[in-house]
Amino acid sequence: MNFDKLNAAQKEAALSIDGPLIIFAGAGTGKTRALTYRIANLIEKGIHPSAILGVTFTNKAANEMKSRVIELAGEYGQSVWISTFHSFCAAFLRIEAKNIALTPDFLIYDYADQINLIKDCIRELDIDEKKFKPAYFADKISRAKDALQEPESFEERSRRGDFNAAILAKIYRLYQSKLKLADALDFGDLIMQTVQALLAFPSILEKYQNKFEHILVDEYQDTNHAQYMLTKLLAAKHKRICVVGDDDQSIYSWRGADISNILDFEKDYPGAKRIKLEQNYRSTPKILNAAANVIKNNNSRITKRLWTQNDENGTVETLKANDEIDEALKVAMHILHAAQNNGNSFLDFAVFYRTNAQSRVFEDTFRRFGIPYTIVGALRFYDRAEIKTIMAYLKLIYNPNDNISFKRIINSPRRGIGKTSLQNLETLSIKKNLSMWDAIPFAKEAGITKSSVIALESFAQFIKSIIDIKDKADVLTICKRVISESGYLRELEVENTIESKERIENIKELITAIGDFLKRSPDKTLAGYLTQIALVNDVDEVQTDGGKATLMTLHLAKGLEFDNVFICGLEEGLFPIRDSSFNSKELEEERRLAYVGMTRARKNLYLCWATQRTLFGKRQYNSQSRFISEAGFKDEFAVRFFEDSLRQTKQFNNGSPKHFLKPNFYKKKTSIDYLPSDDEIIKDTVYEIVDNSPYKIGAFVKHSIFGKGKIIEKSGSGDELKLVVLFETGQWKKLLAKVAKLEML
DNA sequence: ACCGTCGCCATTTTT
DNA sequence: TGGCGACGGT
């Protein structure tokens, strides 16, 4: 094995294969390289590839790791089991189904299915829909599963006086019984039931413990309790577990990720080796410096210092705009200028924002200026109504007990089966403890009109005819039959609107996608397709080059990199988001999100904010985000924004049309009247923030009037140093350090 | 049964 | 602002 391409720390990570190992891998420090060399090294040392398990969070990461392992280790690499947590568990549950009292061909419910099922539960339990939103229950149930908690845990809480817990327990219970009836598992179930099976069946646990001599876990800071237990159980025998993560990039605690998993690893595995990867290969020193300045304001972190040998070029700049439209305009201008300087071809740019709602203005603006862009995650392909409908057909064929799918397609296309008929059928099915599909033969009893009964029966006939071929035919054949014979396509064709044409296009795209699936997948059945599809997402397919601007939320940006990055909406109340300001845990997570965003940039980083913004129909005046000043920018020192571009903008406006702009751009005269004003400010050198003050967060102080207290937050520096102090009395005060005359305790 | 309108509501992130 | 559910008219 040749380790020439590794630095010392990476090499150590690849070679330390005897016991537990934790790798703290900063952003852009080549952790995938270290991991893949580690796996290749294991294989070379004679470990059988199938005795190695690698777990990641995204398919993208899994695929990348797998292909790089194959590159290094050749054919042997094929047999290493590398997959996401969810697909690993789905595979496990199907393999072991018969041993653990589970149907092997269960469906996987996605978020939308979950919400629909919960809506049913809410209605059935007669809960005030105004007071409790489905999303509330979905969140609580998912978090419970992340923590391996059954409905009983809510009942306990309820006994202790938690008011909502009783209702939660009821919903959770009913939800589970409905899932069971539909033979479906949601995302949380995949992990939780795997853990439960391993705990309940020692022989199965032992089998897998023996099988996996080496376990590698990527993004360990994002694991929730259930995932933590899973890896812990599997690794318990050999204790040859290697986890990689970066506590500074933990941004999913709201989704159950438990940062203590990474912080406590060394307690769980005494004697574990610790390696830090700190050499960054991605960004310029300026970018790393700015990012470090931000993240060092967090308290609970394992200190590491990224450094780089990369050349000092590119910039870190701030961009101040008047409002969100102006912000988008300025970003667009910059992209256009960059394109001009690059022979009129667009470069690699990314625009990150905190909330999806912000994307709209960018889309509009980019479209207006003819800037090619892709938007990630807004409306996923598989979330589109027509795709969901076709998928619902496929799911129902696969599993007729799937009520959610049944209800989605029973009257789509219209078959004259209305609300009341459906209601009656559902009530009957609940009474008989049957799925709605199984209740069809009893439709007459349910008081359903004759015409509806006939429609139901002919629908059932159609579905049955396809069920008959579902194991023999491949998924493409089945899907084509569904599309043509269900009448759904015909309905769209008759509609003949712009919208319906678009839907038809999307359906064609689905056919193409299924065709691709057939080409690459060994399992070409409906079952194989549905399993795969439930566990993919849009980020898996993001391409970060090719001269397009990529629009996405900061959360989705993790793991990606771009030459040029705009982080937009850096305003107090938006980023960090409103509620986080007074909760240091949440604020720290926001800060990590900022850190993740900043460290995506290779060459140029722009921190953008707008003094006013229309949010939810209201005009808001925001102040610059603390993350901008933490990054090393001060309002007072601000210089003109894009000094260089200003000149170019003037030339641009006076000059001749550029061919890369769409024609309609020139018709809209107003749109090119843009000139940056003098107060558009920028400072392109990041300075190191030196904090010499004795006021550290967490320090105890005494105030002449308020008494003893603890510093919980601080901002600004020098004479401007502001502190938030929580006093013994329970009240907190914002104080200017210079004036407050605090005594240190 | 279906469609349009009204008014209310929340506004973070989703493997 | 816009997405969604309730309601009422056809």
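Naming convention: chains lettered A, B, ... in sequence-line order (proteins, then strands); numbering from 1 in each chain. Only this structure's heavy atoms are used, side chains among them; waters, hydrogens and symmetry mates stay out. The model shown is predicted, which means the values in this text are computed figures rather than measured ones.
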Determine whether the aromatic ring centres of A:F566 and A:F349 lie less than 6.0 Å apart. yes
Let me know the distance between CE of A:M552 and C1' of B:dT12, rounded to the nearest Å. 17 Å
Does the gap between the ring centers of A:H555 and A:Y252 come in under 6.0 Å? yes
Whole angstrom is fine here: how far is it from CD1 in A:I115 over to P in B:dT14? 14 Å
Name the closest nucleotide to the A:N356 side chain, picking from B:dT12, B:dT14, B:dT15. B:dT14
Would you mind reading off the distance between A:Y252 atom OH and B:dT14 atom C1', rounded to a whole angstrom? 7 Å
Contacts of A:E590 and A:I417 projected onto DNA chain B by closest heavy atom; the upstream (5') one is A:I417
Ring centers of A:F627, A:F575 separated by less than 6.0 Å: yes
Using the P atom in both, what is the distance from C:dC4 to B:dT13, to the nearest Å? 14 Å
Distance check needed: B:dT15 P versus A:E219 CD, whole Å only. 14 Å
Consider the side chain of A:K133, meaning its heavy atoms from C-beta on, and name the nucleotide among B:dA10, B:dT13, B:dT15 that approaches it most closely. B:dA10
Under 4.0 Å, counting only non-hydrogen atoms across every strand here, what does A:S142 touch: a base, just sugar-phosphate, or nothing? nothing
For the pair A:Y208 and A:F92, name the ring-plane relationship: parallel under 30°, tilted 30 to 60°, perpendicular over 60°. perpendicular
What is the distance, rounded to the nearest whole Å, between atom CG of A:N411 and atom P of B:dC3? 10 Å
Result for 5'-nearest mapping on DNA chain B, choosing between A:T553 and A:R414, is A:R414
Figure out the NZ/C1' separation between A:K585 and B:dT13, and round it to whole Å. 19 Å
Would you mind reading off the distance between A:L230 atom CG and B:dT15 atom P, rounded to a whole angstrom? 19 Å
Rounded distance in Å - NE2 (A:H555) to P (B:dT13): 9 Å
If you look at every strand shown and take non-hydrogen atoms under 4.0 Å, does A:D222 touch a base, only sugar-phosphate, or nothing? nothing
Verify the distance criterion only: is there a donor paired with an acceptor across the side chains of A:E572 and A:S623 at less than 3.5 Å? no
Does the aromatic ring of A:W254 sit over the six-membered base ring of B:dT13, closer than 5.5 Å centre to centre and tilted less than 30°? yes
Answer yes if the side chains of A:D258 and A:S260 hold a donor-acceptor pair under 3.5 Å, and no otherwise. yes
Flag for A:Q176-A:K145: side-chain donor and acceptor within less than 3.5 Å: yes
Quick check for you: name the first and last nucleotides of DNA chain C, 5' to 3', having an atom under 4.0 Å from a heavy atom of chain A. C:dT1 to C:dG5
